[in-house]
Amino acid sequence: MDFWSRLLAHTPLSSASSRKDFAKDPARRLHRFEKEYSQLLHIWRHSSNLAHDDEAAEQIEIRLQELTSLLSDESRRPLPHPCISFAAAKQVYIPVAKIATSSYNEWIIKEAVLFFATLIESEEEAFVENDNFSGSLTNLLVRITGANSIRLSAEIEARIVELAFNITTKIRLNPEILPAWFKSHHHGPHDAKHVDDHDKFTGKTQKQDFPLFYLLMDYIHHEGKVGDFARTGLLYIIEAASSSVLLEQWIVESDLSTLMATGLGALYSQLSRKLVIDHPSNEVPPCLALSDYEHPKSNYEIVSSCSPEFLSHVDTFLSHLLFWQDVLNHCKSVEVKSTLLEHFQVIFLQQLLYPSLLESSDVDGGSSVAVLTYLRRILESVDHPDMINLILHYLLALPDVVSPAPADSGDIVSAARKRKSLDLATMMASKSEEAADPLLFNLVDLIRACLRSQNHQTVHVTLQLVSTILKRHHRYAVTTLLDTEGVLDESHHRTAGAQAQEIDYLMALAGTIGGDDTFNELYENLLRDTLGRVENHPCSTPLITPKTSTNNHQLPAVPDSLPSAPRSVRSHTLRPEDPLLNIMLDRLETFFTNPVETNLCLTEAVIDLAVCGYMHLEGWFLRSPQSYHFDEDDEEDEELPLPDPSLDPESQEYAEYVQMQQLKECRRRPKWNQSSLPRLLKVLQLLCDQVEAYREQVPRFDDLLQQRREAFQIADHAPPIPTPSRARTPSSQAPTVAGTPSIEKGMFDEARNPSRERPSGLEVFAQRILSELGTPSRSGSPRGRKETRRVASERVVPMNDATLLRTPIPNRSFSPTSVASAPAPISWDNRGDILNSQAKAFQAIDQSILARRIGIPEVKPPVEPITLSYDRKPAIVSADSAEGGEDASDDAEGEGEGGGEDALLAPSEDGETDAGTVVEEKTVSVSHVLTNVVLLQSFLFEMASVVQVRAGLFDEVRYT
């Protein structure tokens, strides 16, 4: 047909040059546009039903493509633009919208959306300000996304939401075009009689006023760019409320706050009520892989924390929570913000979050684990102070502060908000008969109860929640979660001598655990990490930079706007009888039998208590200055010469003498008295004594402990797994100190932050570590410990062919007869095979030691002066127990040097001791204890680094 048309019109048949000329000619371009538009109307009018007429639908799609192509090409060319002017004058968009809404054809809808998007992007003829254009486009968007429309593909939905977003962008840049898209219909008294109260509360009567607003609301929960476009477009509309009183009033009276709060509640309700914390099989952290960690069981009711479906639900919930925060950050209207916060508290906090905390239990399969995990993720994600204040103020049952009522300004927006608040209160009162009150049971009660739980996962997630509150929202914990007292002067600070003494004590405790490395670089890395941790604490900013505002530094972006927010933190210290501290110390006393995850979170929480700049360490973390006692005959420093009696007490020389005397006094080290130590240091001393007991009773304890450090070092650096036939170089046999800090820091940080990426196949690799490092060069001692402790530089390396040839054969005791009957010297041909078989035998012995079950050893208390006590009841010793004691003593005498290795083993299989009593002591493997010992040593170094960093950063040490 095109061929005959061109021939009759005397146009050239070649299309290459004719198309370029045609596009350059505005008149010919307009002629073609009018022709395509006429054909479009002709096909539409002569088709009875486009939904069933495929041929007509295809032709309409082609015509729409041509119209859009012509408009797009013309908008990029210089003026004039006759096609765009024709579309505006003839209102071409009206029939295009009608065709798309009645076609029920996905491809026609797609082309119609592109057609409208092209007109908006042209920025000519003021399409976005035209009421007819906005009405046609709004009707199109509402119809094609409504419940009665066909199901659209994700691509078309993305184009629809992007088109709506482009309109909101133009509204944001030019608020004068808002009336074309937002038309407030004030309902009269007659209409109000026919409106149901529930419909009025949920805002169903408001949708016709601003359809574009509700279109975006329908897509804010979507993922990907669809949700991003919807949420950002909605934020732009909320921003525009600051320049339009009518829009501000409409948003307050609309169901925006209701839909957002109920939507958030719906997403929270989709989260599993029962949860177990788990790790993927190929991503188990090395500290857990080298312990008694077992994957918890999950089923259709109890969900695993690493399941993809659960992670998707949590991410969706948190993304909507962050959208709440974005709305509050972009909202410049106080009334809109107040309405949103009020609905957030009433609908989400009071109706959903707090009841779920109240009804949680660690007995029914992990509901406490679930709700405490969700609360922690909420507090970690939200930064807006008003949202944080609402959550913690309500859950911690902080007292309400009644602000003075402002004078009635008669503002219509304020009146609208009051009506909305009244409607909300009425609606909630009709739903709940008797709501729970946090005054009876608040978050502090729940945390203390869960820390005493027998479920280690409940303890684990509770400690994580405590750490989150202490790190991010410390001012809410000062008067609620913690039992604190104020510190008014600097007399509570420790002296310089006590400071050095405390650090030396902590370092000495870490040194008693032992190790072939010097740990110098480990401690240096911990100092850097601790410095950054203390500086980044929210309470440290005013202490480090007290004149922030005068130096024109950036202040917090969003100040607290609620009157009930707690005041700024002041200098305080933790009372030794604080319930939370003592519960944590109770857990610390069973450190070696605790799960590794519990110990990681426990040590993290203790450090989080100590990093706040306003929290003084004296009294609970370190000794109190009131308990300092000095020896009178302490001659550590030379006595200062007495001043000249003729000196004037007001003179400079006398003042310098007094100052030097005070400096000397502060440098003196107080007498170390065990009774004056805080409970934390006493527990740490007890744990180090227990390590010494393990060393005496577990065979080759030091060798196995060093192997465990090397195993963590290898797992942290994630090198290729060495092949058995490859010989290790001397440098690999003796790792430098530089590797040690990364063991502790990297491994522990990885377990504290499970979201960190880990190498795949880590669990399999960790299971092979012991087989690679499990064969030491044994000494002649049956227990293999004396030689190792005497030669501290001897390294434990895997035994393969190359190393065995350089390693002497272990010393053994041979009788004269056996020496006489010994075979001839072994030839070099079969020497390697024999040594390899010996290496495998030694590996089996080490594996059997690591698999043994042991409990907490009994540590003899330090010898103290004998005091008479008339209240102590005499111990009753039964005959059976006495008999058992004799047997035990006989066994101890017959054991000899190597008999101590079974002293910490679990009771017999029937669960009874020699005395016939049932033992309920918890036992763990030696491998589990070794991992916890490495963790304890790192914790001691970390405590020392906190004391040292705080002294320099906050000037906590007295020198005068």
Side-chain angles (χ1 to χ4, degrees), residues 19-47 50 56-103 105 107-144 156 159-160 162-171 173-174 176-181 211-212:
R19 282 188 178 274
K20 294 181 180 179
D21 298 337
F22 175 84
K24 293 179 181 179
D25 187 359
R28 297 175 64 182
R29 196 165 58 236
L30 176 60
H31 175 72
R32 185 177 177 185
F33 187 86
E34 292 176 348
K35 180 180 177 182
E36 295 291 346
Y37 177 60
S38 299
Q39 291 180 358
L40 174 68
L41 295 178
H42 177 78
I43 298 172
W44 175 48
R45 289 167 180 167
H46 287 79
S47 176
L50 288 177
E58 184 178 0
Q59 290 298 319
I60 287 179
E61 179 190 353
I62 294 174
R63 303 281 81 80
L64 285 174
Q65 285 180 352
E66 290 293 334
L67 292 175
T68 304
S69 178
L70 288 170
L71 292 173
S72 178
D73 179 74
E74 185 177 80
S75 63
R76 294 191 296 269
R77 294 187 178 276
L79 295 174
H81 293 163
C83 296
I84 297 177
S85 300
F86 177 82
K90 299 298 183 180
Q91 297 184 349
V92 176
Y93 43 79
I94 294 179
V96 170
K98 292 181 179 179
I99 292 172
T101 54
S102 61
S103 66
N105 184 288
W107 304 108
I108 294 178
I109 292 174
K110 175 184 176 181
E111 295 302 328
V113 171
L114 292 176
F115 177 82
F116 275 94
T118 305
L119 291 179
I120 293 176
E121 291 174 1
S122 66
E123 297 185 355
E124 297 182 37
E125 303 296 337
F127 284 105
V128 291
E129 302 177 17
N130 189 292
D131 290 341
N132 293 329
F133 179 84
S134 62
S136 298
L137 179 55
T138 300
N139 182 64
L140 170 65
L141 297 180
V142 171
R143 293 282 298 275
I144 63 179
I156 297 178
R159 292 185 181 275
I160 292 173
E162 183 178 3
L163 176 59
F165 167 75
N166 290 337
I167 298 172
T168 61
T169 303
K170 295 186 178 299
I171 293 175
L173 297 176
N174 185 14
E176 295 179 358
I177 67 176
L178 178 64
W181 302 92
L212 189 66

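Hydrogens, waters and symmetry mates are skipped; everything else that's a heavy atom, side chains included, is used. Each residue takes its place number in the sequence, starting with 1.
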Does any non-hydrogen side-chain atom of [Y] lie less than 4.5 Å from one of [X]?
X      : Y      : value
Tyr37  : Pro95  : yes
Asn174 : Val128 : no
Leu40  : Leu64  : yes
Arg32  : Glu66  : yes
Trp181 : Leu137 : yes

Measure the [atom1]-[atom2] distance between [X] and [Y] for me, rounded to the nearest 0.5 Å.
X      : Y      : atom1 : atom2 : value
Ile62  : Ile43  : CD1   : CD1   : 8.5 Å
Leu163 : Ile160 : CG    : CD1   : 8.5 Å
Asp25  : His31  : CG    : NE2   : 11.0 Å
Trp107 : Gln65  : CH2   : CD    : 10.0 Å
His42  : Ser47  : NE2   : OG    : 11.0 Å
Ile60  : Leu50  : CD1   : CG    : 4.0 Å

Restricting to salt bridge (charged side-chain N to carboxylate O under 4.0 Å, His left out), what partner residues turn up for Glu162, sequence neighbours left out? none
List for me each residue that meets salt bridge (charged side-chain N to carboxylate O under 4.0 Å, His left out) alongside Glu36, sequence neighbours excluded, and say none if there are none. Arg63
Check this for me, if you would: do Lys90 and Glu34 make a salt bridge, where the nitrogen-to-carboxylate-oxygen distance has to be below 4.0 angstrom? no
Considering residues at least two apart in sequence or located in another chain, which fulfil the side-chain contact (heavy atoms from CB on, under 4.5 Å) criterion with Ala57? Asn105, Ile108
Answer yes or no: is there a donor N or O on one side and an acceptor on the other, between the side chain of [X] and the main chain of [Y], under 3.5 Å?
X      : Y      : value
Ser75  : Ser72  : yes
Thr168 : Phe165 : yes
Ser136 : Asn132 : yes
Ser103 : Ala100 : yes
Asn130 : Phe133 : yes

Closest non-hydrogen atom pair between [X] and [Y], with its separation:
X      : Y      : answer
Glu74  : Ile84  : OE1-N, 3.0 Å
Ala87  : Leu119 : CB-CD2, 4.3 Å
Ile177 : Ile171 : CD1-N, 3.7 Å
Ala180 : Glu129 : CB-O, 3.8 Å
Leu114 : Arg159 : CD2-NH1, 3.2 Å
Ser134 : Asp131 : OG-O, 2.9 Å

Counting heavy atoms not belonging to Lys98, are there more than 12 under 6.0 Å from its NZ? no
Exceeds 12 heavy-atom contacts within 6.0 angstrom, atom CD of Glu58: no
On the 0 to 90° scale, with breaks at 30° and 60°, tag the Tyr93-Phe127 ring pair as parallel, tilted or perpendicular. perpendicular
Kindly determine whether Phe115 and Val92 satisfy side chain to side chain contact (heavy atoms under 4.5 Å, CB included), including the steps that lead there. CA-CA 10 Å; Phe115 177 82; Val92 176; 3.9 Å; yes
